[in-house]
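Remember, predicted model here, so these are calculated numbers, not experimental data.
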Amino acid sequence: MKNIKIASITFLIAFFTIFGCEDVIDVEPQDRVTEVAVYADIEQVEALVYPMYNSTEGWAIRRNDFWGQRINIEGASFEAKFNFRDLNSIYQLRAGGWSKSNVGGTFAGKWQNYWSYVQSTNEFLSKIDESPAMALDTEKGEVLKAEVRFLRANLYTKLIKFFGGVPIITEPAKITDNFEYTRNSYEDCVKFIVEELDGAAAVLPTTRSAAEFGRATKTAALAVKSRTLLYAASDLHDPNLLPQTTNTELYSYPVTSKWEDAENAAKAVIDIVGEDALIQVADAKEYQELFLSPNENIIFARPYAAGLYEVGTGGFNAANSLPDQAQSPSGYGGWGLCSPTHNFALEFNYDDGTSTGGITPASPNDNREMRYYANLNFQGAEFRGRPVDYALAVTPNASTPDGLDSPNGLGNVLHSSKTGYNIRKFQDESLSATNGISANRPYILYRVAEMYLNYAEALAEQGKDGLASTYLSRVSVRGKQPTINLTGDALKAAIKRERRVELCFEGHNFFDERRWLNEDHLGFDIKGLRWTKETNGDLTFEEYSLFEDSTQGRLWFDRQYYLPIPEGDSEIVPTLIQNDGYTN
């Protein structure tokens, strides 16, 4: 197996920015306490761990970027597009796509950010074992150590999703180091992640008290393992299907037992949470509420509340970093930043389980499945006391005015949806205003439904269609869709559709479409619905392409299966091998 030597300026910068991100959880500033004093007291040691939880994802894809504080990865996926002024600079997925010097404002800094947290976890792990605090309270010290191993493994899962194989570094960098590292293979990275998670799971508690919501558990560690092995087993990493042609060990996972391993990892979580554990709901409103407060179907989440939400530019706590204002339609005072595409909306079935077949229905918002109404705002949706109205009137007047959410409506009309949809999921409609703060809203990172879908996919890939259909059906039926009893490719397609719908806007689709090598959902003609009010008040619509010039639409280049290593590394240090496709 070839090792690729790198000497990274970016590593050097990142490693000595131990807490370089805006911290959500406040701790005592470390310049007020000596390091000796910190590691002598178990409570101070615990306080060191809190900021490391900022390494998990939240509502913000990038906390030190104005737009990145208010959106996540959904606008770079099949699910949605960035809405305001149709800006391409946010995700850089139109025109020429990503380059080694430009990946869009929200992706810039991912490499440095993740490595800064790897450094902080390594620093902690290098000192905890021999500390007085560990000697005085070994049991708590071991749990804190397991938490940090969990967080480091979780960081590596994100690094390999965005960059492929990366250096496995388990010791903190020192100023005397030569900063030359080798980039490990993707397979080695997966093995390292799994070993770390198994080690953490053996120590972490299976559950936490309500007061510790958001802290790592054994179940969370096993859930991260499940997702890691599912991704590794997928087509993107199949040695026979690799889109890359150089340095293939950075992307390949040549493990013959890969689907069995993915199956067993998902089943380990299911054995803890239960085989029929999904909370049942009566309607779309109850389904929406599953995402607004802690519940037993959440395996791991980032907690949000007053004082625990993303920090905005200028040092203020930005309520508009939460989805109520960031994603509500413009007429409600919302910013509607990531508009769901009509392409994605067609993934939602009819209420009887019939597929749209990718064809726009004559009445697109009628008789759709329950999750359509829970997850999307659309023309006529009842939202916050009135129907959403995107329609422009042929002849605006008192009896047929332009819609309140249209480009001639209320609020900042530059934020009016260009697709005829807004994100409804995660909205707390009990708040009196879109800039309110919910008491205990979680940003869900891992939950039971995903584990069932992970299990179903791993089973289906091995031809275990009966059991796969059983677990797929548990998610489908909870969503008020029929039981699924399919085989072969039809079953695999149903699993993919169920993931798109059930897990929408939760950060999955960007990676799912890539790992499935589904380029039709990576580069595509972005569609929307344009609504019109006739003079008699009747509504009509047309499906249209948001970008008439196809070169301005969502284009696809094979290099975009991964982000490039930042240009500073590849240009300043020539020995750093760049990801496939970014060398020019």
Side-chain angles (χ1 to χ4, degrees), residues 19 21-28 30 38-39 41-59 117 120-121 124-125 128 131 133-134 136-155 157 196-227 268-269 271-274 277 279 289-311 322 437-448 450-451 506:
F19 297 126
C21 300
E22 304 255 13
D23 288 340
V24 174
I25 301 175
D26 292 328
V27 297
E28 182 73 15
Q30 294 307 308
V38 168
Y39 281 97
D41 181 85
I42 198 67
E43 302 304 323
Q44 289 285 347
V45 169
E46 186 172 34
L48 285 178
V49 175
Y50 291 155
M52 298 181 203
Y53 275 89
N54 291 310
S55 64
T56 66
E57 299 301 323
W59 298 112
Y117 280 114
S120 69
T121 60
F124 179 92
L125 292 170
I128 184 63
S131 70
M134 175 68 93
L136 290 170
D137 194 340
T138 304
E139 183 177 358
K140 186 169 185 176
E142 288 293 344
V143 172
L144 291 172
K145 181 180 174 182
E147 285 184 71
V148 174
R149 291 182 70 187
F150 163 84
L151 291 169
R152 183 173 65 180
N154 191 56
L155 278 162
T157 68
E196 286 293 288
L197 292 169
D198 283 343
V203 177
L204 289 168
T206 303
T207 60
R208 295 270 191 176
S209 68
E212 293 184 310
F213 181 77
R215 299 281 292 272
T217 64
K218 173 181 180 177
T219 315
L222 295 177
V224 178
K225 177 181 174 180
S226 170
R227 189 186 297 178
V269 181
D271 287 342
I272 295 172
V273 301
I279 299 170
E289 290 172 350
L290 294 175
F291 300 91
L292 300 180
S293 61
N295 60 68
E296 59 266 33
N297 279 177
I298 297 175
I299 295 172
F300 184 60
R302 186 182 180 87
Y304 281 76
L308 290 178
Y309 47 102
E310 301 299 348
V311 178
L322 295 175
I437 304 296
S438 299
N440 292 298
R441 178 172 8 201
Y443 181 84
I444 300 172
L445 295 162
Y446 293 86
R447 60 189 178 96
V448 171
E450 182 201 345
M451 297 300 109
E506 296 179 45

To the nearest 0.5 Å, what is the distance between [atom1] ([X]) and [atom2] ([Y])?
{"X": "Ser120", "Y": "Leu48", "atom1": "OG", "atom2": "CG", "value": "9.5 Å"}
{"X": "Leu290", "Y": "Glu296", "atom1": "CG", "atom2": "CD", "value": "9.0 Å"}
{"X": "Met134", "Y": "Ile128", "atom1": "CE", "atom2": "CD1", "value": "4.5 Å"}
{"X": "Leu197", "Y": "Asn154", "atom1": "CG", "atom2": "CG", "value": "8.0 Å"}

Testing the basics here: between [X] and [Y], what is the closest heavy-atom pair and its distance to 0.1 Å?
{"X": "Met451", "Y": "Ile299", "answer": "CG-CD1, 3.7 Å"}
{"X": "Thr206", "Y": "Thr217", "answer": "O-CB, 3.6 Å"}
{"X": "Leu204", "Y": "Arg208", "answer": "CD2-NH2, 4.2 Å"}
{"X": "Ile42", "Y": "Ala133", "answer": "N-CB, 3.7 Å"}
{"X": "Pro303", "Y": "Gly214", "answer": "CD-CA, 4.1 Å"}
{"X": "Ala146", "Y": "Ala200", "answer": "O-CB, 3.5 Å"}

Check whether any side-chain N or O of [X] sits under 3.5 Å from a backbone N or O of [Y] as a donor-acceptor pair, and report yes or no.
{"X": "Ser226", "Y": "Leu222", "answer": "no"}
{"X": "Asn54", "Y": "Pro51", "answer": "yes"}
{"X": "Asn440", "Y": "Ser293", "answer": "no"}

So [Y] and [X], do their side chains get closer than 4.5 Å, heavy atoms only?
{"X": "Arg152", "Y": "Leu125", "answer": "yes"}
{"X": "Val143", "Y": "Pro205", "answer": "yes"}
{"X": "Glu450", "Y": "Glu506", "answer": "no"}

Problem set entry | Parallel, tilted or perpendicular: rings of Tyr39 and Phe124 (30°, 60°) |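 If you compare the ring of Phe124 with that of Tyr39, the planes turn out tilted.
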Exercise. Would a line drawn from the ring center of Phe150 to the ring center of Phe300 be shorter than 6.0 Å?
Worked result: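 Yes, the ring centres sit under 6.0 Å apart.
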For this session: Identify the residue among Trp59, Phe291, Phe213 that makes a ring pair (Phe, Tyr, Trp, His ring centres under 6.0 Å) with Tyr443.
Result: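 Considering Trp59, Phe291, Phe213, a ring pair (Phe, Tyr, Trp, His ring centres under 6.0 Å) with Tyr443 is found only for Trp59.
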For this session: Apply side-chain hydrogen bond (donor to acceptor under 3.5 Å, both in side chains) to Arg302 and Thr56, showing your working.
Result: CA-CA 7 Å; Arg302 186 182 180 87; Thr56 66; 3.2 Å; yes
Exercise. Please walk me through it: do Thr207 and Thr219 pass side-chain contact (heavy atoms from CB on, under 4.5 Å)?
Worked result: CA-CA 8 Å; Thr207 60; Thr219 315; 5.7 Å; no
Problem set entry | Ion pair Arg215/Glu46, N-O distance below 4.0 Å |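 Answer for the salt bridge query: yes.
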Exercise. Can you name the one residue among Ile298, Ile279, Asn295, Val273 that meets side chain to side chain contact (heavy atoms under 4.5 Å, CB included) with Val448?
Worked result: Val273
For this session: Check the pair Glu43 / Lys140 against salt bridge (charged side-chain N to carboxylate O under 4.0 Å, His left out), numbers first and verdict last.
Result: CA-CA 10 Å; Glu43 302 304 323; Lys140 186 169 185 176; 3.3 Å; yes
For this session: Check the pair Leu151 / Tyr117 against side-chain contact (heavy atoms from CB on, under 4.5 Å), numbers first and verdict last.
Result: CA-CA 9 Å; Leu151 291 169; Tyr117 280 114; over 6 Å; no
For this session: May I have the step-by-step check of side-chain contact (heavy atoms from CB on, under 4.5 Å) for Val148 and Met52, ending in yes or no?
Result: CA-CA 8 Å; Val148 174; Met52 298 181 203; 3.9 Å; yes
For this session: For the residue pair Tyr53 and Glu147, confirm or rule out a side-chain donor-acceptor distance under 3.5 Å.
Result: yes
Exercise. Between Thr157 and Arg227, does a side-chain contact (heavy atoms from CB on, under 4.5 Å) hold up when you go through it step by step?
Worked result: CA-CA 9 Å; Thr157 68; Arg227 189 186 297 178; over 6 Å; no
